[in-house]
Enquirer: 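Here you go, one structure.
We count residues from 1, following the sequence as given.
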Amino acid sequence: MIRFTLDGQEVEAAEGETIWQVSKRLGTTIPHLCHTDRPGFEPEGNCRACVVEIKGERALAASCRRRPTPGMVVEAANGRTAKARRMVFELLLADHASPDPDSAFLGWAGALGVTASRFAPSAAPVRPDTSHPAMAVRLDACIHCTLCLRACREVQVNDVIGMSGRGADSRITFDFAQSMGASSCVGCGECVQACPTGALLPAAGPVRVERSVDSLCPYCGVGCQVTYHVAGGDIVGAKGRDGEANHQRLCVKGRFGFDYSRHPQRLTVPLIRKEGAPKEPLDPADPFTHFRPASWDEALDAAAAGLKRLPASALAGLGSAKGSNEEAYLFQKLVRTGFKSNNVDHCTRLCHASSVAALLEGIGSGAVTAPVAEVANAEVIVLIGANPSANHPVAASFIKNAVKGGAQLVILDPRGQALTRFASHHLKFNNGTDVALLNAMLHVIVAEELYDRDFVQARTTGFAELAQHLKSYAPEAMAPLCGIDAGTIRVVARLYARAASAMILWGMGVSQHSHGTDNSRCLIALALLCGHVGRPGSGLHPLRGQNNVQGASDAGLIPMMLPDYGRVGLDAVRQRFEAGWGVELDPDSGLTVVEMMDAAQAGIIRGLYVEGENPAMSDPDLAHARQALAGLEHLVVQDIFLTETAMLADVVLPASSFFEKTGSFTNTDRHIQMGRQVIDPPGEARSDLWIITEMGRRLGLPWTYDGPKAVFDEMCGLMGSLSGITWERLESEGGITTPAGKAILFGDVFPTGDGKARLVPASGLAPAENPDADYPFLLSTGRVLEHWHTGSMTRRSDVLDRLQGLPAVNVSPGDMARLGLAEGARVRLESRRGAVEAAAVADSRLSPGALFLPFCFTEAAANLLTNPALDPVAKIPELKVSAVRLLPCSE
């Protein structure tokens, strides 16, 4: 500790602490404009608002940058510093026309007694830039503090904002002096949150906030903490909080995508299908075409009666990864104890089922071994089959920070992405040939003896079998299959093996294949061979796509596993829950979501209860899935909108949006956090937990839950992973990592029978379907930055839909030229399963013959084209590879 004097008192500073930080820690915040103590921002000292006087020095010093030395005497609040600060604010106020009366700048000016300036303006008025749907630019309020620039460049590492001009002509600029809307801005709003003056602000302008609620983002698995601002019963703004996963950062969806909850198409009353009304797509703005409104008692009675008429073997349920842990747990309990069946699943079957299967098989746990934040400690980061800049933007920002800090990023992906420019290597391999490429890397590591002998011997089994298997996968043999030359494969394999620490992060580009489990087995083998598990900066991390897919899986929303991944066929596991629930449970595994659709088509599944899922958009071969759903004898859908699935229902139950309920959610890092109710549900909509409880009671279950806490308490009593966690701890601490607070797992032992991890050979070399003369293109599907999942929420967010409102298929420039397609030309995509039409856009990140189509647009539902071929282990469909043809649409 460093002792010095601050305003007449002897104080202590920790090593590296600035005078400004010491003062704030002791209870006095020195005025500041260009400084923020938010993580990721370095102090600049250019505004001179935080100056202090240091005894023996002639000039005043910027306290945000100056560090105390032993015996230093500092005056932060004397006449000289006060006069200097007032002069700074008076000069800035001369050129300032703030649109925000509550800005930090005007707040500090008022606190210093500066309400007007005696100086004449030195700059001409500047017209506002309102070209961006999310944000407005008012440069006449800009004071050149550069916080926006640093937010964009240092925190989010997007490098859109800069300074141009000199002296009085200097100004904030977007890219090459473009408007914000025409620039490469990704709409994260980091600059808006950083701006102290209102020069950058939401497009709707400043608002008067009546109250604020701390909660979470409802979208991807990163689990960003958010403070929502409320006025008049509506959410009017969102601000990033200093959560463990985001440190105040947000993306465009988290910051501006909250208005869907008040969209005019919200379901506000229960609906029952009119007698004889056909099951067909409807206009969601007019749900009463085929439905009639009903009371809650009538709708719940009808929903339960239709299910009770059918035998257990004919019933199934689809829960949601968008709901809370408590909802997921209670829903699977309803199916298992009310339906008396294990036919329960959720969206993990369509995203990371193969990753979970391989992880459970290999290391005994289906969750990540280290959080995203560990990229900061990694020497090498391997990213495969994932596009975090679009799907997990805040996680992408931490990867970029790590690269700036010296880490090497290796991207293995058939398509380029925004992170490619940060990568030391991008292996653009042929889609569907993951195993060929990864096994070739494993071959190099084993053949050149680059593996960690001590780790492999002490902590793994199966090395001899794996080594024998890999002999036929030399890079020279695999190069023609995967499209990457042998030399590059060897370089990347050596880079990963020789790294002191390395992280592997992957997404659905790995898992959504007919050999997705094999893909994940290879990644697990890479980490285990090189000892990159259980240490700082090392680990395996499948990036979760939805905000609670990890928690929903933990809670047992899986057909072959009870909560905490205990298999239903194991007597000891089943008996624990039978004792806890007071029922006898089915020992046989249930059907997965795709198998449910097949069984419905065959007349085996006749009744289905869907909570918050939209299989009529997310399932492969949608024509088949929609036909199966329409053919059910009884379909109950619980949702916030009349989704494509709800349009086919017999009973529709209006549920609560994320913002209208309280519950716990588990992010991709295994971090459980509290989502708090922000606003009330509209009309007669009710919380999902209340609806599930009422359905359970009508199915004869003796449930008396009075809220999420009661359900969570029960979960803690039956799930070992929640040991030591209480509802009260979650509320007070904001978040707790499971298990036992450990961010990095398996430093000493793996949760397997012998404590060792298992090396499993992988053989899947080709996708289930390849291009041919009739279908010469290879289509991959996925997400875009502005939209999420099936689009039921983001397509109803005004800002997000204005940013990206039209479906488009990405085509390589060479293919565009060869087919004579102009940018935006209407094209038709056809597969062996269906056809869609969309606009064609050139994408230089794609190789010739490759296409990309997002699956969030109902107008061009990509899953009408996709292949339902299943991975034999995880039963996940091959959504990432479909053979299609591309045809210009006739005029």
Enquirer: Tell me the closest heavy-atom pair linking Phe659 and Phe258, and the distance in Å.
Expert: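 Closest approach of Phe659 to Phe258: CE1-O, 3.5 Å.
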Enquirer: Between Leu300 and Leu653, is a side chain to side chain contact (heavy atoms under 4.5 Å, CB included) present by the stated rule, with each step listed?
Expert: CA-CA 8 Å; Leu300 288 166; Leu653 307 175; 4.2 Å; yes
Enquirer: Check the pair Arg349, Ile558 against side chain to side chain contact (heavy atoms under 4.5 Å, CB included), reporting the backbone distance first and the verdict last.
Expert: CA-CA 8 Å; Arg349 193 64 42 205; Ile558 304 175; 3.4 Å; yes
Enquirer: Report yes or no: does Thr227 contribute a side-chain atom to a donor-acceptor pair with the main-chain N or O of Arg241 at less than 3.5 Å?
Expert: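 Absent.
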Enquirer: Backbone N or O of Asp798 within a donor-acceptor pair of the Asp259 side chain at under 3.5 Å?
Expert: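 Present.
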Enquirer: Hey, what's the ring geometry for Trp581 with Phe577, parallel, tilted or perpendicular (30° and 60° as the breaks)?
Expert: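 Plane angle between 30° and 60°, so tilted.
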Enquirer: Is the shortest heavy-atom distance from the side chain of Ser792 to the side chain of Tyr260 under 4.5 Å?
Expert: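 Not touching, per the 4.5 Å side-chain cut-off.
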Enquirer: Compare every heavy atom of Ser261 with every heavy atom of Arg266, then report the nearest pair and how far apart it is.
Expert: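 The answer is NH1-O, 2.8 Å.
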Enquirer: Does any N or O in the side chain of Gln638 come within less than 3.5 Å of the main-chain N or O of Val610, such that one atom is a donor and the other an acceptor?
Expert: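 Judged by distance alone, no pair lies under 3.5 Å.
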Enquirer: Any side-chain to backbone donor/acceptor pair from Arg249 onto Val155? Under 3.5 Å, distance only.
Expert: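 Answer holds: yes.
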Enquirer: Could you check whether Asp297 pairs with Arg698 (Lys NZ or Arg NE/NH1/NH2 to Asp/Glu carboxylate O, under 4.0 Å)?
Expert: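 Judged by the 4.0 Å cut-off on N to carboxylate O distance, Asp297 and Arg698 do form a salt bridge.
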Enquirer: Output the distance between atom CG (Leu267) and atom OG (Ser656), rounded to the nearest 0.5 Å.
Expert: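 Rounded to the nearest 0.5 Å, the CG-OG separation comes out at 12.0 Å.
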Enquirer: Salt bridge between Arg676 and Glu731, side-chain N to carboxylate O under 4.0 Å?
Expert: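 So Arg676 does not pair with Glu731 through a salt bridge.
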Enquirer: If you measure from CD on Gln673 to OG1 on Thr666, what distance do you get to the nearest 0.5 Å?
Expert: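 The CD atom of Gln673 sits 9.0 Å away from the OG1 atom of Thr666.
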Enquirer: Return the CD1 to CG distance between Ile692 and Leu701, rounded to the nearest 0.5 Å.
Expert: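 Separation between the atoms: 12.0 Å.
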Enquirer: Any side-chain heavy atom of Asn547 sitting closer than 4.5 Å to one from Phe658?
Expert: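 Yes - at least one pair of side-chain heavy atoms lies under 4.5 Å apart.
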Enquirer: Measuring from atom CG of Leu350 to atom NE2 of His346, what distance do you get when rounded to the nearest 0.5 angstrom?
Expert: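 So the CG of Leu350 and the NE2 of His346 are separated by 9.5 Å.
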Enquirer: Are there more than 12 heavy atoms of other residues, nucleotides or ligands under 6.0 Å from atom CZ of Arg729?
Expert: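 Yes, the 6.0 Å shell around CZ holds more than 12 heavy atoms from other groups.
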Enquirer: Return the minimal non-hydrogen interatomic distance between Ala370 and Ser538, and the atom names on each side.
Expert: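 Shortest heavy-atom separation between Ala370 and Ser538 comes out as CB-O, 3.5 Å.
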Enquirer: Is it true that Asp102 and Arg208 make a salt bridge, defined as a side-chain N closer than 4.0 Å to a carboxylate O?
Expert: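 Salt bridge between Asp102 and Arg208, a charged N being under 4.0 Å from a carboxylate O: yes.
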Enquirer: Does the ring pair (Phe, Tyr, Trp, His ring centres under 6.0 Å) test come out yes or no for Trp108 and His32, once each step is laid out?
Expert: CA-CA 8 Å; Trp108 279 119; His32 56 286; 5.5 Å; yes
Enquirer: Would you call the rings of His247 and Phe398 parallel, tilted or perpendicular, taking 30° and 60° as the class edges?
Expert: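 Plane angle over 60°, so perpendicular.
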Enquirer: Between Lys253 and Leu785 (side chain of the first, backbone of the second, donor and acceptor by atom type, cut-off under 3.5 Å), is there such a pair?
Expert: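 Judged by distance alone, yes, a pair lies under 3.5 Å.
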Enquirer: Within the 4.5 Å heavy-atom criterion, are Glu613 and Cys347 side-chain neighbours or not?
Expert: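 Glu613 vs Cys347: side chains touch.
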Enquirer: Could you tell me which non-hydrogen atom of Ser23 sits nearest to which non-hydrogen atom of Ile30, and how far apart they are?
Expert: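 Looks like OG-CG1, 3.6 Å.
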Enquirer: Under a 4.0 Å N-O cut-off, is there an ion pair linking Glu728 with Lys709?
Expert: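 A salt bridge is present here (some side-chain N lies under 4.0 Å from a carboxylate O).
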Enquirer: One pair to check against side chain to side chain contact (heavy atoms under 4.5 Å, CB included): Thr369 and Ile363. What are the steps and the verdict?
Expert: CA-CA 10 Å; Thr369 71; Ile363 64 174; 3.7 Å; yes
Enquirer: Does a side-chain N-to-carboxylate-O contact under 4.0 Å join Arg262 and Glu660?
Expert: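 Yes, Arg262 and Glu660 are salt-bridged.
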Enquirer: Could you grab the distance from atom CG of Leu800 to atom CZ of Arg255, nearest 0.5 Å is fine?
Expert: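 Going from CG on Leu800 over to CZ on Arg255, the span is 13.0 Å.
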Enquirer: So does Val593 get a backbone contact from the side chain of Asp345, meaning a donor-acceptor N/O pair under 3.5 Å?
Expert: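 Checked: pair present.
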Enquirer: I'd like to know if the side chain of Ser355 reaches the main chain of Pro542, judged simply by a donor and an acceptor atom lying under 3.5 Å from each other, with no hydrogens or angles considered.
Expert: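 No, Ser355 side chain to Pro542 backbone: no donor-acceptor pair under 3.5 Å.
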Enquirer: So, Ser397 side chain and Val394 main chain: donor-acceptor pair closer than 3.5 Å or not?
Expert: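 Yes.
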Enquirer: Do Ile672 and Asn325 have side chains that approach each other closer than 4.5 Å (heavy atoms only, starting at C-beta)?
Expert: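 Ile672 vs Asn325: side chains touch.
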Enquirer: Looking at every non-hydrogen atom in both residues, tell me the closest pair between Gly189 and Phe256 and how far apart they are.
Expert: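 The pair with the smallest heavy-atom distance is CA-CE1, 4.1 Å.
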Enquirer: Under the 3.5 angstrom rule, does the side chain of Arg574 hit a backbone N or O of Ala572 as a donor-acceptor pair?
Expert: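 No, because the side chain of Arg574 does not come within donor-acceptor range (under 3.5 Å) of the backbone of Ala572.
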Enquirer: We want to know whether His789 and Gln546 form a side-chain donor-acceptor pair, criterion being a heavy-atom distance below 3.5 angstrom.
Expert: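 Present: a donor and an acceptor within the cut-off.
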Enquirer: Run the side chain to side chain contact (heavy atoms under 4.5 Å, CB included) test on Ser324 and Ser664 for me, step by step, so that the C-alpha distance in whole Å, both residues' side-chain angles and the decisive distance to 0.1 Å come before the verdict.
Expert: CA-CA 6 Å; Ser324 67; Ser664 66; 5.6 Å; no
Enquirer: Do the side chains of Val533 and Phe750 get nearer than 4.5 Å, heavy atoms only?
Expert: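 SC-SC contact between Phe750 and Val533 confirmed.
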Enquirer: Could you tell me the separation between the CD atom of Gln265 and the CZ atom of Arg795, rounded to the nearest 0.5 Å?
Expert: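 It comes to 10.5 Å.
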Enquirer: With no hydrogens and no angle check, is any side-chain donor or acceptor of Arg567 less than 3.5 Å from a backbone partner on Met560?
Expert: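 No: the side chain of Arg567 does not pair with the backbone of Met560.
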Enquirer: So, using salt bridge (charged side-chain N to carboxylate O under 4.0 Å, His left out) as the criterion, who are the partners of Arg211 when residues are at least two apart?
Expert: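 Arg211: no salt bridge (charged side-chain N to carboxylate O under 4.0 Å, His left out) contacts found.
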Enquirer: Of all the heavy-atom pairs spanning Leu543 and Pro388, show the shortest one and how long it is.
Expert: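 Looking at all heavy atoms of both residues, the shortest contact is CD1-CG, 4.2 Å.
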Enquirer: Could you check whether any side-chain heavy atom of Asp214 comes within less than 4.5 Å of a side-chain heavy atom of Gln225, counting everything from C-beta outward?
Expert: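 Side chain of Asp214 against side chain of Gln225, heavy atoms only: no contact under 4.5 Å found.
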Enquirer: Does the side chain of Asp688 reach to within under 4.5 Å of the side chain of Phe331, using non-hydrogen atoms?
Expert: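 A side-chain contact under 4.5 Å is absent here.
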Enquirer: If we count only N and O atoms by modelled type, under 3.5 Å, do the side chains of Arg336 and Gln332 hold a donor and an acceptor together?
Expert: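 Result is yes, a qualifying pair exists.
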Enquirer: Is it true that the side chains of Tyr329 and Asp554 contain a donor and an acceptor less than 3.5 Å apart?
Expert: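 No, no side-chain donor-acceptor contact under 3.5 Å.
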Enquirer: For Glu714 and Tyr705, which I'm curious about, is there any donor-acceptor pair between the side chains at under 3.5 Å?
Expert: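 The criterion, which ignores hydrogens and geometry beyond distance, is satisfied for Tyr705 and Glu714.
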Enquirer: Is there side-chain contact between Arg544 and Val222, with at least one heavy-atom pair below 4.5 Å?
Expert: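 In short, these two side chains do not touch, never coming nearer than 4.5 Å.
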